[in-house]
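Reading through the structure tokens given below for one structure.
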Amino acid sequence: MAGKPKLHYTRARGKMESVRWLLAAAGVEFEEQFLETKEDLEKLRSDGRLLFQQVPMVEIDGMQLVQTRAILSYIAAKYNLYGKDLKERAMIDMYVEGTTDLMLMVMMLPLQPAENKEKQSALIIERATTRYFPAYEKILKDHGQNFLVGNKFSWADVHLLEAILMLEEFKSDVLTKFPLLQAFKTRISNIPTIKKFLQPGSQRKPPLDENLLAQIKQIFNF
């Protein structure tokens with residue numbers, strides 16, 4: 001029997017958090033090897049374990065996978081969260097990429113100069129409520145189904161819920177104008193594997209604090 005996937009990253013959410021979410025959604029237990037210092041990262045590099053000298057890196061099925069998109073695509077396909085055919089896979093990819101664009105804005109916010117953060121936060125909320133959430137509200141309305149693609153739980157649903165919860169940390173009522181997304185959030189949050197991941201004590205990571213941000217800057221030479 002193959003061992004558990006092993007995730008190599010910092011203790012932050014960062015680009016690894018979506019990997020944690022997807023594995024958890026699939027009901028897959030995983031281990032984490034945290035980078036605590038710059039030397040930890042350098043050791044992975046010097047050992048030849050990072051193809052492009054970057055993390056995230058996930059050890060899974062005898063591979064050392066890097067590049068977030070490749071990692072997520074593999075997990076989604078392996079655990080039947082990637083649609084039933086090429087058309088469904090294309091739709092899942094399209095929705096995931098859209099959600100990722102929004103999430104990257106949130107991810108980069110802590111690295112902004114202090115004087116820019118308020119303006120950038122407002123831009124994130126504006127983009128979420130005028131560009132991204134209206135699109136997903138329309139998708140759910142047009143097909144009248146419980147999930148984004150093929151009326152079956154998929155990577156696209158996991159990714160969107162992660163994004164919604166990230167945005168609610170900024171603005172708790174961000175879904176006020178989106179009743180179908182409110183229902184979607186409740187529905188997906190109650191899927192047993194997701195519900196478990198949302199409980200205290202899971203491997204889900206909290207928002208970035210100043211101490212962890214300082215550690216990350218040191219590790220990655222920001």
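- The shortest distance between side-chain heavy atoms of L208 and I216 falls below 4.5 Å.
- Listed here is the closest heavy atom pair of I92 and L81: CD1-O, 4.2 Å.
- Test V19, L22, L7 against I71 for side-chain contact (heavy atoms from CB on, under 4.5 Å) and you get one pass: V19.
- For residues 106-117, the set of pairs meeting the salt bridge (charged side-chain N to carboxylate O under 4.0 Å, His left out) definition, not counting sequence neighbours, is empty.
- Between F153 and F147, the two ring planes are tilted [angle within 30° to 60°].
- Residue I219 comes nearest to L35 through the heavy atom pair CD1-O, 3.4 Å, listed as atom of the first residue, atom of the second, then distance.
- Between K185 and L175 there is a side-chain heavy-atom pair separated by less than 4.5 Å.
- Between R49 and E59 a salt bridge is recorded (basic side-chain N to carboxylate O distance below 4.0 Å).
- Counting only distance, with no hydrogens or angles, the side chain of S73 and the backbone of A70 share no donor-acceptor pair below 3.5 Å.
- Taking CD of E17 as the start and CE of M103 as the end, the distance is 8.5 Å to the nearest 0.5 Å.
- Within the structure, no pair that satisfies the ring-ring contact (aromatic ring centres under 6.0 Å, His included) test touches residues 46-67, not counting sequence neighbours.
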Carefully, step by step, assess Y95 and S154 under the rule side-chain hydrogen bond (donor to acceptor under 3.5 Å, both in side chains).
CA-CA 11 Å; Y95 299 158; S154 76; over 6 Å; no

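- Shortest non-hydrogen contact noted between I124 and M105 is CD1-O, 3.6 Å.
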Would H8 and Q64 count as a side chain to side chain contact (heavy atoms under 4.5 Å, CB included) if you check the C-alpha gap in whole Å, the side-chain angles of each, and the deciding distance to 0.1 Å?
CA-CA 10 Å; H8 295 263; Q64 295 177 344; over 6 Å; no

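- For N190 (side chain) and T186 (main-chain N/O), a donor-acceptor pair under 3.5 Å exists by modelled atom type.
- N151 places a side-chain N or O within donor-acceptor distance of the main-chain N or O of N146, the cut-off being under 3.5 Å.
- Hydrophobic clustering (ILVMFWY, side-chain heavy atoms < 4.5 Å, transitive): L165 and V158 are in one cluster.
- Within the model, atoms NE2 of H159 and CH2 of W21 stand 11.0 Å from one another, a figure rounded to the nearest 0.5 Å.
- Ion pairing between a basic and an acidic side chain is recognised when a charged N comes within 4.0 Å of a carboxylate O; E32 and R11 show no such pairing.
- Listed by chain and number, the residues in a ring-ring contact (aromatic ring centres under 6.0 Å, His included) with F220 are F222 (sequence neighbours excluded).
- Smallest separation of non-hydrogen atoms from V58 and P5: CG1-CB, 4.4 Å.
- Between the CE atom of M108 and the CD atom of Q120 there is a distance of 9.5 Å, given to the nearest 0.5 Å.
- Between F184 and L140, some side-chain heavy-atom pair lies under the 4.5 Å cut-off.
- Inter-residue side-chain proximity for L41 and L50 is flagged as met; some heavy-atom pair is nearer than 4.5 Å.
- By the 6.0 Å contact criterion, CD on E210 is open, its count of non-hydrogen atoms from other residues, nucleotides or ligands being 12 or less.
- Taking the charged nitrogens against the carboxylate oxygens, E137 and K177 have no contact shorter than 4.0 Å, which rules out a salt bridge.
- The backbone N or O of L198 sits nowhere less than 3.5 Å from a side-chain atom of S202 that would complete a donor-acceptor pair.
- Put simply, CG on L102 and CD on E97 are 13.0 Å apart, with the number rounded to the nearest 0.5 Å.
- Cluster membership check: M107 does not share its hydrophobic cluster with L111, using side-chain heavy-atom separations under 4.5 Å among Ile, Leu, Val, Met, Phe, Trp and Tyr.
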Under the criterion side-chain hydrogen bond (donor to acceptor under 3.5 Å, both in side chains), I'd like the reasoning laid out for S18 against E162: C-alpha separation, chi angles, the key distance, then a yes or no.
CA-CA 8 Å; S18 292; E162 182 187 358; 2.8 Å; yes

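- Linking Ile, Leu, Val, Met, Phe, Trp and Tyr residues whenever their side-chain heavy atoms come within less than 4.5 Å places I191 and Y82 in a single cluster.
- Between Y79 and I75 the shortest side-chain heavy-atom distance falls below 4.5 Å.
- For the pair Q67 and Q54, the minimum side-chain heavy-atom distance is below 4.5 Å.
- Summarising the geometry, atom CD1 belonging to I164 is positioned 5.0 Å from atom CG belonging to L181; distances are rounded to the nearest 0.5 Å.
- What you find for L160 and T99 is that their closest heavy atoms are CA-CG2, 4.0 Å.
- Between V55 and T10, every side-chain heavy-atom pair lies at or beyond the 4.5 Å cut-off.
- In terms of modelled atom types and a separation under 3.5 Å, the side chain of Q203 and the main chain of F30 share a donor-acceptor contact.
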Check against salt bridge (Lys or Arg N to Asp or Glu O under 4.0 Å), E126 and R131:
CA-CA 8 Å; E126 188 268 332; R131 180 179 297 185; over 6 Å; no

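- Judged purely by atom type and a 3.5 angstrom limit, D173 has no side-chain atom pairing as donor or acceptor with the backbone of T176.
- Of the possible donor and acceptor atoms, none in the side chain of Q215 sits under 3.5 Å from a partner among the backbone N and O of N211.
- Between E169 and R13 a salt bridge is recorded (basic side-chain N to carboxylate O distance below 4.0 Å).
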Give the intermediate values and the outcome of salt bridge (Lys or Arg N to Asp or Glu O under 4.0 Å) for residues D47 and R45.
CA-CA 5 Å; D47 288 348; R45 288 171 172 164; over 6 Å; no

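- Contact check on K78 versus D61 returns a salt bridge, with a Lys/Arg side-chain nitrogen under 4.0 Å from an Asp/Glu carboxylate oxygen.
- For the atom pair W155 CH2 and L72 CG, the distance stands at 5.0 Å (nearest 0.5 Å).
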Given the rule in the side chain to side chain contact (heavy atoms under 4.5 Å, CB included) test, do F34 and Y9 qualify, once you have shown the distances and angles that lead to the verdict?
CA-CA 5 Å; F34 294 116; Y9 202 66; 6.0 Å; no

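- Salt-bridge annotation for R69 and D93: present, with a side-chain N of the basic residue lying under 4.0 Å from a carboxylate O of the acidic one.
- Under the 4.5 Å side-chain heavy-atom criterion for grouping Ile, Leu, Val, Met, Phe, Trp and Tyr, Y132 is connected to L109 within one hydrophobic cluster.
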Would you please test K152 and N80 for side chain to side chain contact (heavy atoms under 4.5 Å, CB included) and show each step?
CA-CA 10 Å; K152 183 182 176 186; N80 199 26; 2.9 Å; yes

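- Ion pair K4/E29 flagged as a salt bridge, since at least one NZ, NE, NH1 or NH2 atom sits closer than 4.0 Å to an Asp/Glu carboxylate oxygen.
- When hydrophobic clusters are built by joining Ile, Leu, Val, Met, Phe, Trp and Tyr residues whose side-chain heavy atoms come closer than 4.5 Å, directly or via intermediates, L104 is not grouped with V96.
- The shortest side-chain heavy-atom distance between S189 and L161 falls under the 4.5 Å cut-off.
- Scanning all heavy atoms of the two residues, the minimum distance from L167 to A128 falls at CD1-CB, 3.9 Å.
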